[in-house]
Amino acid sequence: MDAFISRKRRRLSPPSALVDPRPGPSLFEAPAEEESTDFKLALLASLHPNLNHEALLEALLASQGSVEDASETLNHSRTASPRKRPMTTAVGYQSSLSSFRITPPQSTGLAKRPLTKKGKTLFLYSPEDIERHTPCSIIHNFLPAEQADELLLELLEESPSYQKLEFKLFEKVVKSPHTFCFYVDNWEEKTEYIYDGRKVEDVRLTTPGMRKASRPVEEAVNQEIQRRVRDFYPSGKKLKNQSADRWTPNTAFVNCYDGPHESVGYHSDQLTYLGPRAVIGSLSLGVAREFRVRKIYAEDGELRKDDGSLADAQGQISIHLPHNSLLVMHAEMQEEWKHSIAPAHAIDPHPLAKNKRLNITYRCYKEDLHPQYTPKCKCGVPCVLRCVTRKKETRGKYMWMCHTNYIPGQDGCSFFQWAEFDDDGRPPWWSNTSRLDSSTEERDGGENESSKHNT
Ligand SMILES: O=C(O)CCC(=O)C(=O)O
Ligand SMILES: [Fe+2]
């Protein structure tokens with residue numbers, strides 16, 4: 001089928017729903033490099049969001065691969081009837097997204113070719129497309145609707161006291177463009193954790209609603225991990241350095257985005273306490289926002305922009321995150337991709353949250369990586385764990401580094417040491433740290449995570 005797709009076609013104006021609205025060269029002004037069928041279907045889907053995959057494909061075939069002709073046909077077609085959307089039963093209920101799919105229903109596994117193009121944004125909505133084209137999976141309408149609303153109300157009460165993070169970037173002190181707070185499941189861990197060289201001061205105990213949601217999140221994330229390994233990883237095996245243990249959340253960052261302009265820039269989450277190949281369960285509540293992901297490419301002069309950055313070198317993917325959706329960031333995410341919450345031009349206010357989006361990222365802090373065990377730098381501060389992502393020769397290796405560099409007004413000691421982990425992501429000292437056999441057993445027995453750090 002791809003043979004006909006390689007025919008030349010006329011150009012088209014960009015569909016606003018698919019192409020990044022920021023100023024920049026338009027996809028359609030690019031040299032006449034032919035797009036794949038998947039990409040053409042994505043364009044058509046964004047122009048005709050109410051039509052299903054089969055109808056779009058049929059129109060594309062009938063138009064001999066011309067997106068413009070197919071779109072025109074669909075505009076005037078009486079045979080391709082738009083799918084009816086079911087009436088929503090609850091606020092923020094996510095109705096069927098199959099009409100937005102770009103992946104044929106029978107396809108499984110990772111997409112063979114990326115759909116993204118340099119400097120462009122591809123918008124994905126359906127779970128099938130998201131798991132095929134990104135290192136994430138998504139479950140819509142995750143909690144019972146009432147429970148999600150209760151949790152949202154609880155966090156709306158907490159969020160006015162959340163703080164912005166201050167950090168140092170190229171000698172400038174910068175404030176994160178959103179607020180957040182760190183929660184732990186027990187108090188003993190409260191003063192121990194260090195981010196960007198400082199103790200996290202505002203640490204709170206996980207709220208009752210967060211704790212109630214934690215169990216279904218744990219169940220779902222573990223199922224998603226198993227499915228990911230089975231259906232997407234080579235030979236159905238977990239990745240090297242990925243933990244073989246059950247994923248058990250014990251901490252969370254709650255992020256609050258108050259209005260369309262609040263955002264978080266592209267980053268990878270710190271691995272210091274999560275360890276290599278971390279998995280994170282991210283529950284979105286309130287206003288729907290765009291979660292953007294882009295792959296990290298190794299150092300390559302040709303991909304660099306004039307300002308030296310590699311941003312947008314290969315395009316980005318936007319994942320729509322509606323109220324009450326659980327996004328699982330899988331084990332390949334933090335080392336190989338970056339993510340962000342993009343500022344929005346406009347948002348649909350949520351009946352309970354108004355302009356706010358609240359997001360809980362449930363995390364599994366590893367006992368072996370508690371700061372009492374990890375290497376300290378010459379400043380006497382437990383090191384940060386990083387992964388080499390850009391340098392081709394050492395890509396994928398882990399390192400312990402001084403993170404005092406990031407504290408406004410302080411210079412670090414430049415401490416550096418390669419970090420070793422076994423196949424299951426355990427550091428060399430893991431057999432010396434006290435442990436219970438199974439964290440699930442421990443939780444079921446009513447004890448908490450802190451008991452593991454007491455000795
Ligand atoms: O708000 C989100 O969905 C993402 C938050 C995030 O990236 C983080 O907490 O590290
Ligand atoms: Fe993050």
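Whatever order the structure lists them in is the order used to number ligands and atoms, beginning at 1. Along the sequence shown, residues carry numbers from 1.
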Whether over 12 other heavy atoms sit under 6.0 Å from Gln417 CD: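 More than 12 within 6.0 Å, yes.
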Within 6.0 Å of NZ in Lys164, more than 12 heavy atoms from elsewhere: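 Yes.
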Contact (N/O only, under 3.5 Å) between Ser284 and ligand 1: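 Looking only at distances, the answer is no, because the N/O contact criterion of under 3.5 Å is not met.
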When you measure from the heavy atoms of [X] to every atom of ligand 1, does any distance fall below 4.0 Å?
X: Arg363; result: yes
X: Arg357; result: yes
X: Tyr257; result: yes
X: His178; result: no

Close-contact set for ligand 1 against [X] heavy atoms, below 4.0 Å:
X: His339; value: 7 (O)
X: Thr361; value: 9 (O)
X: Asp269; value: 10 (O)

Side-chain donor-acceptor contact under 3.5 Å, Tyr233 with Gln242: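 There is no such pair (donor and acceptor under 3.5 Å, judged by atom type) between the side chains of Tyr233 and Gln242.
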Distance-only side-chain donor-acceptor flag, Tyr362 / Glu218, under 3.5 Å: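 No, because no side-chain N or O of Tyr362 sits under 3.5 Å from a partner of the opposite role on Glu218.
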Atom name, His267 (N, O or S, nearest to the Fe ion (ligand 2)):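 Nearest N/O/S atom: NE2.
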Salt-bridge criterion met for Asp424 and Lys238 (N-O under 4.0 Å):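 Salt bridge present between Asp424 and Lys238.
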For atom 6 (C) of ligand 1, the protein heavy atom that lies nearest, with its residue and separation: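 Of every protein heavy atom, His267 NE2, 3.8 Å lies nearest to atom 6 (C) of ligand 1.
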Protein heavy-atom partner closest to atom 5 (C) of ligand 1 - residue, atom, separation in Å: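 Protein heavy atom at minimum distance: Asn255 ND2, 3.3 Å.
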Angular separation of Asp269 OD1 and His339 NE2 about the Fe ion (ligand 2), given to 10°: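 Taking the Fe ion (ligand 2) as the apex, the two atoms subtend 90°.
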Working for ring pair (Phe, Tyr, Trp, His ring centres under 6.0 Å), residues Phe123 and His320: CA-CA 8 Å; Phe123 290 74; His320 180 70; 9.5 Å; no
Cationic tip of Arg363 above Tyr273 ring, under 6.0 Å, 45° of axis: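 Not satisfied by the 6.0 Å and 45° rule.
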Ring geometry between Phe421 and Tyr398 (parallel below 30°, tilted from 30 to 60°, perpendicular above 60°):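 If you compare the ring of Tyr398 with that of Phe421, the planes turn out perpendicular.
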